[in-house]
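Just so it is clear, the model here is predicted, and its values are computed rather than measured.
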Amino acid sequence: MEYFCGLDVGMDESAICVVDDKGEVVLQSTAVTDPDAIKAALKPYLSRLRRLGHEAGSLSPWLHPELLKLGLPAVCLETLHVRAALKAQRNKTDKTDALGIAHLMRTGWFRKAHIKSESCYRLRLLLTHRRNLKRKFLDLENAVRHSLKAFGIRLNRVGRGGFAQAVRTAVAHDALVSELIDAMLNARAALWKEYCRLHNLVVKLVAGHELCRRFMQIPGVGPIAALSFMTAVDDPFRFRRSRDVAAYFGLTSRRCQSGASIDVQGRISKAGDGDVRRALYEAASALLTRYKKKDKVKSWGLAIAKRASHRKATVAVARKLAVIMHAMWVDGTFYCGDPDLPQADLKARHAAKERKLLRTHA
């Protein structure tokens, strides 16, 4: 007889459920969210424990490797797939969630979530904190703009550099408002300083990483897009085909087909990492609108824009960039957007771009 375990992980306690190969519940318990405590609770079943499933969450990068180190057959499950499967249950509790996950383990109807390496999570943490600081900075700036509208002050053509001085000049006649706005502007300046600090750190890391520099040979792909893509993929060989990466980041269309009368090709699924998807979309937009030289992907995207729309063309180019970057990673090749360009000129152009990147952000 084989056993299958479902683990509903909580911050302090985790619910544990073990079922046999016939679906009969043999254990329902709780344990402290600690790998050793979980193993101790499963000790009577370890010799015949086939799979232990837990849902992907904030603790997964730490918990999953630790469970594997202890010899437990741990499987990390995709959150959306588990959530959809557990909707069939009448009641939602930690106990029933662990039971549902155990049955998913027994039937084999689950999707594995990839647990990235620790170094990869460190780089992703840098990108996440940089993004959060930028969002808070923009929130404060927009709050200042909005609050001044009550006094008829509209800052339409003020850049980021002259924003603080323009605001202070506009409210200098009102002592109370000037004091309030000054506090907001000081907080804004502090956020911008720390944001620039993290952004410069990102650029330095990218400048010293050979793969990211190769990615940046693609027109439109900058340090953020290159590092975001690299850390989100982590291991390129976990994808069987390069075009699977586009679906992984939610850049492929949904499809709803039933019978002979219904077959709808919808918008993109928007599954996976939203930050990577946005970075690829921005890179594609820059390639289509800002890059002035000849490029095969750009010409392909402009042809789509001519017969469809610019937005659809940008999504298509973003999807193409994901496929190209993965293929470059696997094959160790370089990007060549202009097939008519001589090989010597292409190498010289790539070398010049690398020298410029290293010189600018040394």
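Both the sub-6.0 Å distance and the 45° axial angle are not jointly satisfied by Arg319 relative to the ring of Tyr281. Both tests pass for Arg214 against the ring of Phe334: distance under 6.0 Å to the centre and angle within 45° of the axis.
Arg124 and Asp273 are joined by a salt bridge, as a carboxylate oxygen and a charged side-chain nitrogen come within less than 4.0 angstrom of each other. Salt bridge annotation for Lys92-Asp97: present, with a cationic side-chain nitrogen under 4.0 angstrom from a carboxylate oxygen. Under a 4.0 Å N-O distance rule, the pair Glu194/Arg197 qualifies as a salt bridge.
Taking the six-membered ring for Trp and thresholds of 30 and 60 degrees, Trp192 and Phe137 have ring planes inclined between 30 and 60 degrees apart. Between Phe229 and Trp329, the ring planes lie tilted relative to each other; the angle falls in the 30° to 60° range.
Taking every heavy atom of both residues into account, Lys22 and Arg106 meet most closely at C-NH1, 4.2 Å. Nearest heavy-atom pair across Leu104 and Thr107 is O-OG1, 3.3 Å.
A heavy-atom distance below 4.5 Å is not found between the side chains of Val26 and Val19. Leu7 has its side chain out of reach of Ile101: every pair of non-hydrogen atoms, C-beta onward, lies at least 4.5 Å apart. When side chains are defined from C-beta on, Met184 does not count as touching Val167, because their heavy atoms never get closer than 4.5 Å. No side-chain heavy atom of Leu77 sits less than 4.5 Å from a side-chain heavy atom of Arg111. In this structure, the side chains of Ile262 and Gln257 stay at 4.5 Å or more apart for every pair of heavy atoms.
Paired with Ser117 under the rule side-chain contact (heavy atoms from CB on, under 4.5 Å), one option of Asp234, Thr231, Asp235 passes, and it is Asp234.
Aromatic pair Trp109/His81: centroids less than 6.0 angstrom apart.
Heavy atoms from other residues, nucleotides or ligands lying under 6.0 Å from CG of Asp263 number more than 12. Shown here is His129, whose NE2 atom has no more than 12 heavy atoms of other residues, nucleotides or ligands within 6.0 Å. Atom CD of Gln265 has more than 12 neighbouring heavy atoms from other residues, nucleotides or ligands inside a 6.0 Å radius.
With 3.5 Å as the limit, one finds no donor-acceptor pair spanning the side chains of Ser285 and Thr314.
Although no hydrogens or angles enter the test, the distance criterion places a donor-acceptor pair under 3.5 Å between the side chain of Gln89 and the main chain of Thr96.
For the salt bridge (charged side-chain N to carboxylate O under 4.0 Å, His left out) test, no residue two or more places apart in sequence or in another chain qualifies with Lys193.
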